[in-house]
Amino acid sequence: MDNDLYQQIYLLVKKIPQGRVATYGQIAAALGKPQGSRLVGWALSVCPNDVPWHRVINRKGMISITNRNLSKQEQANLLTQEGITVTEKAGNFWVDLDKHLWLGNL
DNA sequence: CGAATGACCAAGC
DNA sequence: GGCTTGGCCATTC
């Protein structure tokens, strides 16, 4: 696959500084697809290993991953290592967007 | 091409 | 941030 769409998504995700997180909708908007948030999630589902996909979460700061190889626990662990506050609740992991949401792209 | 799918989002209850 | 409904977009069958 050599679509520019992937490249842009990956480049943008790689651009997220450590200790920060971004939302799917935010990235989608940055790509010129304010409504294409689902594509971002799809793109990350096939993202290469050099992409910090764990810094990308949904609008509520909740990790709604359903990946077979990785897991919410894995992502929460990575985020915690970067100094991000992750809270576990009812088997789901949440990130404090007010403190860690990346605004450098706006 | 049409229908189904998915790591979403906003609005309504 | 708890569940449902409708709408988005690209990819896949």
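Chain A is the first sequence line, chain B the second, and so forth, proteins listed ahead of strands; every chain is numbered from 1.
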### Query
Side-chain N or O of A:Lys33 less than 4.0 angstrom from OP1 or OP2 on C:dC8?
no

### Query
Does A:Tyr6 have a side-chain nitrogen or oxygen under 4.0 Å from the phosphate oxygens OP1 or OP2 of C:dT11?
yes

## Note on the structure
note: A:Asn92, atom CG; C:dC3, atom C1'; distance rounded to Å ~ 13 Å

### Query
With hydrophobic residues grouped by side-chain heavy-atom distances under 4.5 Å, do A:Leu101 and A:Trp94 end up in a single group?
no

### Task
List the steps, then state whether side-chain contact (heavy atoms from CB on, under 4.5 Å) holds for A:Val95 with A:Thr85.
CA-CA 6 Å; A:Val95 176; A:Thr85 301; over 6 Å; no

#### Entry: Ion pair A:Arg20/A:Glu82, N-O distance below 4.0 Å
no

## Note on the structure
Under a 4.0 Å heavy-atom criterion, the protein footprint on nucleotides 6-13 of chain B, written with B, S and -, is BBBSS---

### Query
Would A:Trp42 and A:Tyr6 count as a close aromatic pair, with their ring centres under 6.0 Å?
yes

### Task
Check A:Ile84, A:Asp96, A:Val56, A:Val86 against A:Val21 for a side-chain contact (heavy atoms from CB on, under 4.5 Å) and give me the one that passes.
A:Ile84

